[in-house]
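Dumping the structure here so I can ask a few things about it.
In what follows, every heavy atom counts, from backbone to side chain, and hydrogens, waters and symmetry copies are set aside.
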Amino acid sequence: MRGHRDLTLLQSSMLAGVYAANHACGGVPAVIPAESAFEPPTANDSGTRAPGPAGNLLYPPCPLVNLAHVCSHLQNASLARLGLTSIPYTKWHLSLALLLQKQGFISSVKLGGPSPPSSSFGLGTADNHYISNHPHKDTGRDPRSPEAALALMLREGKNAKWLQANGFGEEAVEFAKEHGIRSVEELQSHGWHDEVVEFIVQVRRRIEALVDERDMEVVERTKQQRLTDPNAELAWTNMTPEERRHEIEREVLAHLPPAHQAVYSQFRNASVAELERTDFSHRTLSTFAGPHAYRTEADIHREGITITAMGLQIHNQPLTLPHKIYQDSGHLEDEGVVTQQNRASRRLWLGLKYYQSSPVLSKASMVSKPTKRIWLSSQELGKVIRGNRAGQVKPFSQIGEIMAVSTDRGILEARECTERRIGGMALCRVW
């Protein structure tokens, strides 16, 4: 019997090492076949340790190294007055977090990704939609806000008419036009003035080349026709050079967009020097700039916007646009979803509690150590609860103090273990 017990303890220690190494590498528990699974020794009512049945492992031996890190992290987070903190997502960490929530030490336990889930935050406070924005998706935000109109104009190229047709108010549309469309000075600095001049010059050169080509063609056809029928009258010889030029000009312009035709018709007779001195209108420059007439999100993040306060302009004011709605195929940021792709990035987000400016969880210390595990029977746990020492375990001395105990029925609080007459391994104390 003694040999069987020693063998079981040795197998349990080996299994604990496997789980500790696995959790240290990534926090993902390994899949162990039922044939090789052994339940940790549990303390019965008499205080003796008895091996559990093989192949029915509910909780593997606790990775005490990682658990010690979590206790230290929660204690430091409370002392730092954090409202939200995260711990690795494992079965042991989840069980401990639920126990702390049940005992009133933390306010919430949420499963999320590397960033806090949006449900951990309340509705965003109202702002003047010029300086700030709520950081978490659309929580507390108006889908027809000025920022939303500006985001649609920058990201999807929506114009003012589209915004008005889709329910955006006059203030939102004006805000989007003011901060989403580049000014004349910006368009000129980006070289669009030179693009307009170059366009008009190129069209002129094309027309001149076609006029010369057509004149040569008329001369050649006239010679050939005179040789075959000297008395024939040619219709094209009756057109003046100016009429032929207008005809060619109409043919060239027919292949251009209407907006470009209007620009060329307006500056048809201007010389190159006059064109270079001309201050083209915003509409003309925007015609050639196309989508580049709009600012980008990078411009907003880098340069901000210009606002007016008490008659003065304030430049480079930061503005946060509403977040994009994107498809997260791997559910990396989804709350409460565990898949094969996102399992390694899952985190447990815990809401910490405070009372009268003091943390509710002020101290968390380990009882068992990685090199020395302490098992207590239900009678020994009762002694600790009632203020008596049980072996090396000191009695409860703080108001609201609890002890987490690992049993074959999960992680339970010491008082519950006493009521249910269950013994186990003492993990940590929290007060």
Q. Does a side-chain heavy-atom distance below 4.5 Å link Glu380 with Val393?
A. no

**Q.** OG1-CG distance between Thr407 and Leu412, expressed to the nearest 0.5 angstrom
**A.** 4.0 Å

Q. Is the shortest side-chain N to carboxylate O distance from Arg204 to Glu208 below 4.0 Å?
A. no

Q. Would Arg347 count as a cation-pi partner of Tyr89, with NZ or CZ less than 6.0 Å from the six-membered ring centre and within 45° of the ring normal?
A.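 Not satisfied by the 6.0 Å and 45° rule.
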
Q: Drop me the distance from Leu427's CG to Met403's CE, to the nearest 0.5 angstrom.
A: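 It comes to 9.5 Å.
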
Q. Ion pair present between Arg250 and Glu247, side-chain N to carboxylate O less than 4.0 angstrom?
A. yes

(Q) Would the distance check show the side chain of Ser72 and the main-chain N or O of Ala68 forming a donor-acceptor pair, the cut-off being under 3.5 Å? (A)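 Side chain of Ser72 to backbone of Ala68: no pair is present.
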
Q. If you round to the nearest 0.5 Å, how far is OG1 of Thr296 from NE2 of His301?
A. 9.0 Å

Q. Got a salt bridge between Glu413 and Lys102, using NZ or NE/NH1/NH2 to carboxylate O under 4.0 Å?
A.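 Lys102 and Glu413: not salt-bridged.
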
Ignoring hydrogens and angles, write down the donor-acceptor pairs under 3.5 Å from the side chains of residues 191-199, residues two or more places apart or on other chains.
from: His193; atom 1: NE2; to: Thr278; atom 2: O; distance (Å): 2.6
from: Glu198; atom 1: OE2; to: Gln202; atom 2: NE2; distance (Å): 2.6

Q: Answer yes when Glu249 and Arg268 have at least one side-chain N-carboxylate O distance shorter than 4.0 Å, and no when they do not.
A: yes

**Q.** Test item: Pro88 and Leu348 side chains (from C-beta on) under 4.5 Å apart, heavy atoms
**A.**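 SC-SC contact between Pro88 and Leu348 ruled out.
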
Q.
I'd like to know whether the aromatic ring centres of His260 and Tyr264 sit less than 6.0 Å apart in this structure.
A. no

Q. What's the shortest heavy-atom distance between Ala390 and Lys383, and which atoms?
A. CB-CB, 4.5 Å

Q | Neighbour count above 12 (heavy atom, 6.0 Å) for Asp212 CG | A | yes

**Q.** Spacing of Cys71 atom SG and Asn76 atom CG [to the nearest 0.5 Å]
**A.**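 Going from SG on Cys71 over to CG on Asn76, the span is 11.0 Å.
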
